[in-house]
Amino acid sequence: MTDNEVIHELNKIKSYAGSTNDIDRRDRAIEAAKSALDKQIPKTPEHDGEDEQDDFLCPRCKEPLCTIGDTVYWGMKPKYCEDCGQRIDWSDKE
């Protein structure tokens, strides 16, 4: 089962009946699980700027990942956002 299929199944589980407290707790747990799982699906960083100090931003939280020209960018592109934990896919940026 793929990550996206798991997220789809979790959404279906939310529709099952139960007491109000059970539903609230279940919905919060499902949302936390979906968020954690979604962060593991690699997403392409966003490019921000037009000069040699351009940043690449996390696609989830919009925090800077690194700057073009930075040794961090050229030598050690982060695999995950340090702020929110989103997995980063650099394949389109090489």
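Computed from a prediction, not measured in an experiment: that's the story for all the values here. Position 1 is the first residue of the sequence, and the numbers go up from there. Both backbone and side-chain heavy atoms feed into the values below; hydrogens, waters and symmetry mates do not.
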Would you please name every residue forming a salt bridge (charged side-chain N to carboxylate O under 4.0 Å, His left out) with Asp38, sequence neighbours left out?
Lys43, Arg60
Given the options Pro42, Cys66, Pro59, Pro78, Ile88 meets side-chain contact (heavy atoms from CB on, under 4.5 Å) only with Pro59
What class does the angle between the rings of Trp90 and Phe56 fall in, given that below 30° is parallel, 30 to 60° is tilted and above 60° is perpendicular?
perpendicular
I need the minimum non-hydrogen distance between Pro45 and Asp89, along with the two atoms involved.
CD-O, 3.3 Å
Does Glu31 come within less than 4.0 Å of Lys34, counting only side-chain N to carboxylate O?
yes
Of all the heavy-atom pairs spanning Gln40 and Gly85, show the shortest one and how long it is.
NE2-O, 4.4 Å
Carefully, step by step, assess Asp83 and Cys58 under the rule side chain to side chain contact (heavy atoms under 4.5 Å, CB included).
CA-CA 9 Å; Asp83 291 297; Cys58 173; over 6 Å; no
Looking only at non-hydrogen atoms, find the nearest pair between Glu46 and Lys62 and report the distance.
OE2-NZ, 2.7 Å
Side chain Lys39, main chain Cys84, donor-acceptor under 3.5 Å
yes
With sequence neighbours left out, what residues match Glu82 under side chain to side chain contact (heavy atoms under 4.5 Å, CB included)?
none
Check: Leu57 main-chain N/O paired with Asp55 side-chain donor or acceptor under 3.5 Å:
no
